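Let me begin by presenting the structure, written as structure tokens, before commenting on it.
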Amino acid sequence: MSGQIENTTNIICEKNDLSAYTHTQTDQVDLSRLLELGSIGAWHAATSLSEVLQQQVVIDIPKIHTIPPHLLPQHYQRHEAPTTAVYMQIANNECDILLIFDCEEAKKIAAMMTMVPSVDELDPVMEESAIQELANILIGSFLAAISDFTGLQLIPTTPQRVVDTFDAIIDNFVVKHSLISDEVLIFDTHFKRAGEKANLILMMFPSPQLQEQLVQQSKKQMEL
Amino acid sequence: MLTTLFGLQPNKVASAITSSLIKLSINATTQLETITTTTIETTKPKLEEVRVNMAEMRAESKPVELVTSVGSCVAICLYDSVNMCGGLAHIMLPKSAIAPQEPLPGKFADTAVPALAKAVRKLGRKEARLSAKIAGGANMFPNMNGLNIGLKNIEGVKAALAEHKIRLIAEDVGDAHGRRVTFDVTTGIATVKRFNGDETKL
């Protein structure tokens, strides 16, 4: 039982700090091109979402930046928050897309879509399919707009829903993406529903090749 | 009606629950559960929680709980039963050879295990006797085509522990759900909590 206990802390990896990170590989001009693309997609997605929910929906992307993949959980600071997420892929494994809801927000939206008067009467099976359908519409129109603009074919796979804590959901993608790139793109997405802030996050993990293609194509389009 | 009753007399919640729990609607029961859980938590002495982020490691001898959330990542808890201290690492990938330019040792199983063991050994005065508990390595999207990183991580961690002759005494790995791992460094008890509320003590 004995043994000396010293009140010491041993922190390893002090460099692992979000604020200390400034290095980026992607050119600022390229980033602003991608931001422009994202905004085009977001406007289309917001329009189709407004029609489905019969409500004003605004999706704003004010900023885009890159961080190393493993700092994503620290960036969002949601950790154990109950989260409903829908996962979609662009065919050929080129891009992972995650639409992330706060659990309560997902229930509210699903109730609205299925015309159920209150969240408590919502059937879990109906909620799942409503949320998947919503993701289909939102991400579908997002990608369709980007496809139209760049001329690249971006076809999403069927949506898959998962409910768990925030960190547990995204870490799969963080790990997968850290295998192919040292940085991830972060679109700061702000959702507004009926004039109020909604708890939604849109995450995209394009492969470096697709990211380069998108930049090149939008460069062409914007110079015309 | 019930909520106003509890608002007035919060200390009599427990007796009220037993008498009226059966007749409550679903809505009211969820409210009750939140009340009871908060009262239990305040009576239990709480240790300070220190979060270990992704790709980080931390060794402590102070009485704290190291906390981390893992999906396909793996949380490695090392405990020194002689000096009663321990450490936790949140690794992302099995082998550092995948990305050799990466300077963070906490990211990979094969570099994190020796680094964490060294840090825990440094804390105690007597020679350490290390044991390990691991949790995580889930496959969050079973239908996602491609590689199962969770499984690779579990294998990588086990290989690294065996290589450094650290005994693995408990594990809660695999499946398709996330885990919140809380590691009490002075007792060596790791608590794994799932999203549906199930708790396992390792």
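Keep in mind that what you see is a predicted model, and the values were worked out from it rather than measured. As a basis for the values below, the full set of heavy atoms in this structure was taken, side chains included, without hydrogen atoms, waters or symmetry mates. Quick note on labels: first sequence line is chain A, next is B, and so on, each numbered from 1.
Between N53(B) and P73(A), the closest side-chain pair of non-hydrogen atoms is not below 4.5 Å.
Of the listed residues (H177(B), M140(B), R194(B), R51(B)), the one with the most heavy-atom contacts under 4.5 Å to chain A is R51(B). Note on V162(A), I170(A), D164(A): by heavy-atom pairs under 4.5 Å with chain B, the leading option is D164(A). Listed options D171(A), D167(A), I169(A) were ranked by heavy-atom pairs under 4.5 angstrom with chain B; first place goes to D171(A).
Counting heavy-atom neighbours within 6.0 Å of H44(A) NE2, excluding the residue itself, gives a total of 12 or less. Counted within 6.0 Å of CD on E196(A), heavy atoms from surrounding residues, nucleotides or ligands total 12 or fewer; the atom is thus considered open. For E49(B), the CD atom is densely surrounded, since the number of other residues' heavy atoms within 6.0 Å is greater than 12. Counting non-hydrogen atoms of other residues, nucleotides and ligands closer than 6.0 Å to CE of M112(A) gives a total above 12. With a 6.0 Å radius and a threshold of 12 heavy atoms from other residues, nucleotides or ligands, E121(A) has its CD atom above the threshold.
For G178(B) against A168(A), the heavy-atom pair with the smallest separation is CA-CB, 3.4 Å. Residues L93(B) and S178(A) approach most closely at CD1-OG, 3.8 Å, considering heavy atoms. Heavy-atom minimum distance, H70(A) versus K107(B): ND1-NZ, 4.2 Å. Between M92(B) and V175(A), the closest heavy-atom pair is O-CG1, 3.5 Å. What you find for F195(B) and C103(A) is that their closest heavy atoms are CZ-SG, 4.5 Å.
Neither the backbone nor the side chain of C85(B) has a heavy atom closer than 4.5 Å to any heavy atom of chain A.
Ring pair F173(A)/F141(B) is perpendicular by interplanar angle, where above 60° counts as perpendicular and below 30° as parallel.
Considering NE2 of H79(A) and OG of S69(B), their distance stands at 8.5 Å, rounded to 0.5 Å.
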